[in-house]
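Heads up: the structure comes next, in structure tokens.
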Amino acid sequence: MKHILIVGQGIAGTAIGFRLMQRNLNVTWIDNQNLSNASRVASGLYNPIVLKRMRLVHLADAFNEQIYSFYKSLESFTKNTFFYPKPIYRVLHSIEEQNNWYQLSENPKWSTMLGDIVNDNNIKAPFGLGTVQQTGWVDTANMIASFRERIKDKVLDHVFVPQHLEHKNNGYEYRGVYYDAVVFAEGWKAAKDNPYYPKDAFRPSKGELLTLKLDDRDTPNRIFHFKHFLIPLRDGQTYRTGATYVHGDLSETPTEKSRIEMLESLKTIYSGKTEVIKQDVGIRAATKDRKPMVGRHPLHKNIYFLNGLGSRSILMAPYLSHLLTEQMLNNGDIEPSIDISRFF
Ligand SMILES: Cc1cc2nc3c(=O)[nH]c(=O)nc-3n(C[C@H](O)[C@H](O)[C@H](O)COP(=O)(O)OP(=O)(O)OC[C@H]3O[C@@H](n4cnc5c(N)ncnc54)[C@H](O)[C@@H]3O)c2cc1C
């Protein structure tokens with residue numbers, strides 16, 4: 001393989017494109033940012049634990065292993081900083097949760113991820129805050145924009161039309177240019193527009209989040225998880241809180257209901273004043289079994305996918321893009337639970 005076409009330059013298209021460039025392939029992207037802004041509005045958190053239920057994410061260890069080196073090399077490629085490894089502090093809601101925390105942190109499977117229970121004067125958490133390690137956040141808007149700047153000569157900024165893709169020899173021709181392989185990474189819009197995808201695999205979900213200022217006198221500077229997250233941003237003045245999960249509404253407009261939900265939830269841990277600066281909306285490309293879809297098309301040779309990253313794209317993209325690269329170049333295996341062929 002020499003020349004690869006990637007459709008989409010969100011988190012998925014950035015990750016797979018970067019991996020393929022590192023293997024000296026010629027990569028072209030087609031990306032029109034008006035179709036989805038999920039990757040640019042995301043909170044960017046990564047965390048191998050489902051904090052609400054205290055369960056490990058499927059393949060957590062494999063995801064953890066790739067994160068640091070991947071985002072560090074992406075930072076050095078783009079000559080920018082957007083990767084912030086940091087603990088997350090989970091608000092414990094009861095004595096039972098406290099006991100459960102102590103028990104889990106003695107289990108060897110969890111011990112590297114769960115740290116001490118601590119307090120923070122700015123936060124209402126009478127049962128303490130459990131420290132979660134191997135977590136942090138990525139400033140996704142900055143990452144996508146700085147990568148785009150580095151590859152701008154290789155991006156075609158228009159809407160990809162699947163019907164214009166023609167199978168030729170072993171690869172595909174699109175608008176007169178030959179590609180050895182095509183990777184689809186268009187996020188949730190693919191569900192409607194791209195017939196190469198399996199039918200009925202997506203379950204997109206709308207998410208909203210707020211950027212806000214908190215009372216100057218007592219501003220927390222850690223990442224907290226309560227019902228939602230509170231994340232201090234790099235400017236030292238603003239925070240993000242959210243995100244909501246709404247099913248069945250794919251309109252990309254902010255709602256008052258979500259704004260109230262997030263502010264009410266924040267009040268349970270923070271009693272200072274808040275001032276909303278902005279409310280963002282995006283649609284997550286989730287799948288019906290909540291696992292990503294990766295790998296080659298079972299029928300169309302040299303068509304590949306990296307999609308269905310749901311709410312954990314930052315955690316999963318480094319490992320999944322590594323797997324996909326290995327499949328494309330060395331016929332590597334993809335484990336069945338995340339292989340797109342399970343939906344065909
Ligand atoms: C409010 C909110 C908060 C979130 N918080 C987090 C978080 O904290 N951590 C986390 O890991 N994830 C988070 N997510 C999820 C994350 O945003 C998504 O999983 C991720 O952005 C998906 O990336 P993607 O590249 O697959 O798709 P997208 O971000 O949708 O990118 C696809 C790109 O392809 C383009 N495109 C689509 N179709 C075409 C076409 N036909 N022609 C040309 N271009 C096309 C789109 O415009 C876009 O630029 C959050 C999502 C939301 C909405």
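Counting convention: from 1, in listed order, for ligands and their atoms alike.
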For [atom], find the nearest protein heavy atom and state the residue, atom name and distance (0.1 Å precision).
atom	value
atom 14 (N) of ligand 1	A42 CB, 3.8 Å
atom 30 (O) of ligand 1	S36 OG, 2.5 Å
atom 45 (C) of ligand 1	L35 CD1, 3.5 Å
atom 41 (N) of ligand 1	F160 O, 3.3 Å

_Once you measure the plane-to-plane angle for F70 and F18, does it fall in the parallel (<30°), tilted (30-60°) or perpendicular (>60°) bin?_
perpendicular

Got an N/O contact under 3.5 Å between [X] and ligand 1?
X	value
D31	yes
A12	yes
N34	no
L306	no

*Could you list the atoms of ligand 1 found under 4.0 angstrom from a heavy atom of G8?*
33 (C), 34 (O)

Taking the non-hydrogen atoms of [X], is any one of them nearer than 4.0 angstrom to ligand 1?
X	result
H158	yes
G242	no
A285	no
L209	yes

Judged on heavy-atom distance to [atom], which of [options] sits nearest?
atom	options	value
atom 32 (C) of ligand 1	E186, E208, Q279	E186
atom 29 (O) of ligand 1	S39, G282, S313	S39
atom 8 (O) of ligand 1	I6, L45, T244	L45
atom 18 (C) of ligand 1	G187, G310, S258	G310

*For S258 and T255, what are the C-alpha separation, side-chain angles and deciding distance, and is it a side chain to side chain donor-acceptor pair (under 3.5 Å)?*
CA-CA 6 Å; S258 290; T255 60; 3.1 Å; yes

_Q163 CD: over 12 foreign heavy atoms closer than 6.0 Å_ = yes

*asked:* Within the supplied structure, the quantity of interest is the number of heavy atoms (other residues, nucleotides, ligands) at a distance under 6.0 Å from K124 NZ; does it exceed 12?
replied: yes

Is the distance between the ring centroids of [Y] and [X] under 6.0 Å?
X	Y	answer
Y71	F82	no
Y172	H300	no
F202	Y197	yes
Y196	F184	yes
Y174	F160	yes

*asked:* With a heavy-atom distance limit of 4.0 Å, tell me whether A243 approaches ligand 1 through its side chain, its backbone, both, or neither.
replied: side chain

*Tell me which part of R312 gets within contact of ligand 1: side chain, backbone, both or neither, using heavy atoms under 4.0 Å.*
backbone

_Quick check against the 3.5 Å criterion: does D180 have a side-chain atom that pairs as donor or acceptor with the backbone of H3?_
yes

*Under 3.5 Å, is there a donor-acceptor pair linking the side chains of E186 and N194?*
yes

